[in-house]
Colleague: 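Pasting a structure here, questions to come.
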Amino acid sequence: MNPARLAVYGGTFDPPHVGHLAAAAHLRWALRVDEVRLVVANDPWQKRERLVTPAAQRFELVRAAVEGHEGLAASDVEIRRGGASFTIDTVEALRVEQPEAEILVVVGADAASGLDGWHRADELAAAATIVVTNRGSARTPELSPRWGVERCAVPDLDVSSTELRRRVAAGEPIDFLVPDAVRSRITDWGLYRGGR
Ligand code: ATP
Ligand code: MG
């Protein structure tokens, strides 16, 4: 497939959950994109304060989560590239692969507040349309006009990876908050039990 319109939905996905997945499914429909690509960050430079699950495992969780869902895909492009994950590098790599594709970069309102500090922000603003979604109580920030931001309202699900990690560490169930395929891998691999 050679999508003409592609949404890049980046995240740490430690672990992926129904908030991400319901948003991705809605985005695909609302933005009329051929594919929403959940791009798994290799080395999330904004999260150095805690130990992050190895990228290969997070990718496998995302792959399992979207399996069988048409129009949703997991991408390990940032993992294969290695090093710090910058969205502009991912967008440029996509441009090389698919020069004719229109690229949208989706961020939740919480992540959007940092956009102006992102690596090579001007080039990112020129290369992609930024779509900001609602995220819990996070207010959509005022952003510099260079971003030409679009907004998209996604299902409002109060779920976070942080809360899921806390639940696993406390022995609480995460059933229905993540797909079964994700839950069983978390259990099998013993993820998050140490409370990080
Ligand atoms: P953590 O608690 O570890 O930060 P998270 O749940 O915020 O995890 P991330 O991987 O940091 O998940 O988020 C990736 C993207 O998904 C971000 O743009 C974020 O705003 C968005 N997102 C995460 N959870 C939700 C949700 N419940 N509803 C809508 N968007 C979400
Ligand atoms: Mg987050």
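Reckoned from all heavy atoms, side chains included, excluding hydrogens, waters and symmetry mates. Here the structure is a predicted model, which means the values were calculated and not measured. Both counts, for ligands and for their atoms, begin at 1 and track the order of listing.
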Colleague: Number the atoms of ligand 1 from 1 as they appear, then name those within less than 4.0 Å of a heavy atom of Arg165, with their elements.
Modeller: 3 (O)
Colleague: With heavy atoms of Gly11 as the reference, note each atom of ligand 1 found under 4.0 Å away.
Modeller: 10 (O), 14 (C)
Colleague: Show which atoms of ligand 1 fall inside a sub-4.0 Å distance from at least one heavy-atom site of Ser160.
Modeller: 2 (O), 6 (O)
Colleague: Return yes when atom CZ of Arg139 has more than 12 non-hydrogen atoms of other residues, nucleotides or ligands closer than 6.0 Å, and no otherwise.
Modeller: no
Colleague: Compute the minimum heavy-atom distance from Asp110 to ligand 1 and say whether it is under 4.0 Å.
Modeller: yes
Colleague: Heavy-atom distances under 4.0 Å are what count here, so tell me which part of Asn134 touches ligand 1: side chain, backbone, both or neither.
Modeller: backbone
Colleague: Identify every side-chain donor-acceptor pair in residues 149-158 under 3.5 Å, counting partners at least two apart or on other chains, and give the distances.
Modeller:
none

Colleague: Would you say Tyr9 has any N or O atom under 3.5 Å from an N or O of ligand 1, going by distance alone?
Modeller: yes
Colleague: For ligand 1, is there an N or O atom under 3.5 Å from any N or O atom of Leu157?
Modeller: yes
Colleague: Consider every N or O of Val106 and every N or O of ligand 1, then say whether any pair is closer than 3.5 Å.
Modeller: no
Colleague: Would you check whether Ser161 has a nitrogen or oxygen atom less than 3.5 angstrom from a nitrogen or oxygen atom of ligand 1?
Modeller: yes
Colleague: Compute the shortest N/O to N/O distance between Ala109 and ligand 1 and return yes if it is under 3.5 Å, no if not.
Modeller: no
Colleague: Could you pull out, from His20, Arg166, His26, the option with a heavy atom nearest to atom 12 (O) of ligand 1?
Modeller: His20
Colleague: So is there a nitrogen or oxygen of Phe13 less than 3.5 Å from a nitrogen or oxygen in ligand 1?
Modeller: yes
Colleague: Is there a side-chain contact between Val18 and Phe176 in this structure, where contact means two heavy atoms from C-beta onward sitting under 4.5 Å apart?
Modeller: no
Colleague: Between His17 and Ser161, is there a side-chain heavy-atom distance shorter than 4.5 Å?
Modeller: yes
Colleague: Only heavy atoms of Gly10, strictly under 4.0 Å: list the atoms of ligand 1 that pass.
Modeller: 14 (C), 15 (C)
Colleague: Do Val33 and Leu27 make a side-chain contact, defined as non-hydrogen atoms from C-beta onward lying under 4.5 Å apart?
Modeller: no
Colleague: Report, in ascending order of atom number, the atoms of ligand 1 lying under 4.0 Å from any heavy atom of Val107.
Modeller: 18 (O)
Colleague: With heavy-atom distances below 4.0 Å as the criterion, list the atoms of ligand 1 near Thr12.
Modeller: 10 (O)
Colleague: Give the minimum heavy-atom separation between Ala127 and Val91, together with the two atoms involved.
Modeller: CB-CG1, 3.8 Å
Colleague: List for me each residue that meets side-chain contact (heavy atoms from CB on, under 4.5 Å) alongside Asp180, sequence neighbours excluded, and say none if there are none.
Modeller: Arg183
Colleague: What are the two closest heavy atoms between Phe86 and His119, and how far apart are they?
Modeller: CD2-CB, 3.3 Å
Colleague: Taking 4.0 angstrom as the limit and counting only heavy atoms of Thr162, give me the atoms of ligand 1 inside it, by number and element.
Modeller: 1 (P), 2 (O), 3 (O)
Colleague: Identify which of His17, Arg58, Glu163, Arg135 has a heavy atom lying nearest to atom 28 (N) of ligand 1.
Modeller: Arg135
Colleague: Under a 4.0 Å N-O cut-off, is there an ion pair linking Arg166 with Glu163?
Modeller: yes
Colleague: I'd like to know if Asp116 pairs up with Arg146 as an ion pair, taking the criterion as any Lys NZ or Arg NE/NH1/NH2 lying under 4.0 Å from an Asp or Glu carboxylate oxygen.
Modeller: yes
